[in-house]
Amino acid sequence: MTSKPDPAEIDFSDVIWEKSPFSGGSDNCVEFGMIGEFVAIRDSKNPTQPPLVYTRAEIAALLDGAKSGAFDHLR
């Protein structure tokens, strides 16, 4: 496995950012984008701040937890 890059050293200008359809179209949400073999996550209110970068396995674990209800107490 390749080590995760430092987000401050990545050029995110070509990333296609996606919002959840549940965000209501506002700028108050989280956006996801692919950067090579990694998934980047950013706050739509602050798109100039370096995004967080995760492996696909880390994102899969997050999504599996969300789908199973593991984070429902955070609502």
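No experiment lies behind these values; they were computed from the predicted model shown. Computed from heavy atoms alone, side chains included, the values below leave out hydrogens, waters and symmetry copies.
- Other members of the cluster containing V30 are F32, M34, V39, I41, L52, Y54, I59, L63, with ILVMFWY side chains joined at under 4.5 Å, either directly or via other members.
- The NZ atom of K19 lies 5.0 Å from the CD atom of E31; values are rounded to the nearest 0.5 Å.
- By the salt bridge (Lys or Arg N to Asp or Glu O under 4.0 Å) test, E58 is found to be paired with K4, residues two or more places apart in sequence or in another chain being considered.
- Looking at every heavy atom in both residues, G36 comes nearest to R56 through O-NH2, 4.4 Å.
- Every pair tested for side-chain hydrogen bond (donor to acceptor under 3.5 Å, both in side chains) that includes a residue from residues 62-75 fails, sequence neighbours excluded, so the list is empty.
- Legend: residues meeting side chain to side chain donor-acceptor pair (under 3.5 Å) with Q49, ordered by chain and number and at least two apart, are N46.
- For D6, the side chain to side chain donor-acceptor pair (under 3.5 Å) test picks out no residue, with sequence neighbours left out.
- In terms of heavy-atom proximity, A40 sits nearest to P51 at CB-CB, 4.1 Å.
- Evaluation of the side chain to side chain contact (heavy atoms under 4.5 Å, CB included) rule for V53 yields P5, P7, I10, F12, F38 as partners, not counting sequence neighbours.
- F71 forms part of a hydrophobic cluster together with L62, L74, judged by ILVMFWY side-chain heavy-atom separations under 4.5 Å.
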